[in-house]
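Just so you know, these numbers use all the heavy atoms, side chains as well, and skip hydrogens, waters and symmetry mates. Chain letters run A, B, ... following the sequence lines, proteins first, then strands; residues in each count from 1.
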2 protein chains.
Amino acid sequence: MMVVILIVNSVSGDGAAMGHSQTDKAKSRQRILGVASERLRGEGLEGPGVAEIMQAAGLTHGGFYKHFGSRDELVAESLAATFDEQAAATREALATSDDPLGAFAARYTAAEHCAHPEQGCAVAALASEVARTDGPVRATYTERIAAYIQEVDALLATAGVEAGDDGARREEAVARYAMLVGGLILARAVDDPALREELLATVGERAAQR
Amino acid sequence: MMVVILIVNSVSGDGAAMGHSQTDKAKSRQRILGVASERLRGEGLEGPGVAEIMQAAGLTHGGFYKHFGSRDELVAESLAATFDEQAAATREALATSDDPLGAFAARYTAAEHCAHPEQGCAVAALASEVARTDGPVRATYTERIAAYIQEVDALLATAGVEAGDDGARREEAVARYAMLVGGLILARAVDDPALREELLATVGERAAQR
DNA sequence: TCGATAGGATGATGGTCGTCATCCTCATTG
DNA sequence: CAATGAGGATGACGACCATCATCCTATCGA
């Protein structure tokens, strides 16, 4: 007996078959970066596998290396892009506020932010894991943490705090930023809603104080 | 043809062959817990494999399940034990100090502590990963974070801070603890020694203030 | 319009890891 | 002192993962 297997060239009508044009590739790349950004923050630096990320981006795992040289490369690019997006979103959100410092603190300590690390601050989501790495990711974090501190310093300035010869405002900025990040991380680690809300509220109020 | 394989009973003279007595088992268990404690803090919740931990404890991977039902069980027990040890060590270190609050803050923000997460505070080392788990580890963290905050509150009390009708001292304790944890995590994430030291120094001084 | 280039899919490979079955050896108990 | 129970070692299994070879096919330049 002879068995003939015919594989008909089904252009699977269900999925939006990925195109092959340059703009399609750029879109694919952006989707991969976006998915990676969320998954990394939500599941950790080593959480999502290449296959999972590609599937969530509507692709299969094999094509990954047409876009990135390695998983590490994707992680580095994705987190750098995440910081850029978040900085832009923050700037936009604070632009219209008459109390930018308070708005910043409220945003950061919002219950929504606490409940959704995959869409929130990449520092709070991944800091303790980044501390164990070396290379571009850690370097990016160093830059962005420094930038965050300067941002808080600027917000304190707009709130009327004098710089001070002894760098008092800079100290204040460092302390408030550390408190915000620590408070958010602790609130997320904690099981008890009451303690979580206490952490967020306390830290948020104190960071907003003028 | 017949092949006969003779396996001579070599009692490998090199290694300190583990005993089989009950006290030996207890010692093995303690070694496993101790190794796991360091590796988990140093490499993350999912860092060290069972085989790595057992080897570092002077054993082979197979015997692991004579001690623990699963890797998760080891993780939970190990971290609970770690908190106990650290609480005892802290209590001892602060007992003789005439400025317990300052000593606590100095200990926590010491360069030594920052450089060796594998021997330091399990909260700072693993908080952002614990936030992604559920079950006993997260429950333990919740308890211990609450205890840490109460500890800081007690230290503030010995420093002469009044409780206040509005819970001002409790707020102060929450804020200072969040700042300490956040500062340490950020200092570890950061690549630049100057920024790292600034974070530790600023946060340490402010947490010690009376 | 045709051929080269490259995006995407499929499948394989080598490595790692948690878990467990099995066996050997010793401590323990009667 | 013999028999039983258990600690520990060896090896294997299945799952998962990053990476890459290969093929198909659509785009794009000539």
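- With sequence neighbours left out, A/Asp191 forms a side-chain hydrogen bond (donor to acceptor under 3.5 Å, both in side chains) with no residue at all.
- Looking at residues two or more places apart in sequence or on another chain, you find a side chain to side chain contact (heavy atoms under 4.5 Å, CB included) between A/Ser78 and A/Leu33, A/Ala36, A/Ser37, A/Leu40, A/Leu74, A/Thr82.
- Residue contacts for B/Gly49: at a heavy-atom cut-off of 4.0 Å it reaches the sugar-phosphate backbone alone, with no base atom in range.
- At the phosphate of C/dG8, neither OP1 nor OP2 sits under 4.0 Å from any side-chain N or O atom of A/His61.
- Rounded to whole Å, the distance from CG on A/Leu59 to C1' on D/dA26 is 15 Å.
- The interatomic distance linking B/Lys27 (NZ) with C/dA27 (C1') rounds to 15 Å, in whole Å.
- Atom CG in B/Asp72 sits roughly 12 Å away from atom C1' in C/dT19 (whole-Å rounding).
- Computed from coordinates, the A/Glu43 CD to D/dC16 C1' distance equals 14 Å when rounded to whole Å.
- For the atom pair B/Ser28 OG and B/His67 NE2, the distance stands at 5.0 Å (nearest 0.5 Å).
- B/Phe68 places its CZ atom 18 Å from the C1' atom of C/dC20, with the value rounded to the nearest Å.
- For A/Ser28, a side-chain nitrogen or oxygen approaches OP1 or OP2 of C/dG8 to under 4.0 Å.
- Side-chain N/O atoms of B/Tyr65 include none lying less than 4.0 angstrom from OP1 or OP2 on C/dC20.
- Per the geometry, CZ belonging to B/Phe64 stands 19 Å off P belonging to D/dA6, to the nearest Å.
- The nearest whole Å value for the distance from the CZ atom in B/Arg71 to the P atom in C/dG18 is 5 Å.
- Counting heavy atoms from C-beta on, the side chains of B/Val137 and B/Asp72 never come closer than 4.5 Å.
- Remark: P of D/dA18 and NE2 of A/His67 are 17 Å apart, rounded to the nearest angstrom.
- Residue order along DNA chain D, read from the 5' end via each residue's closest nucleotide, puts A/Glu52 first among A/Lys66 and A/Glu52.
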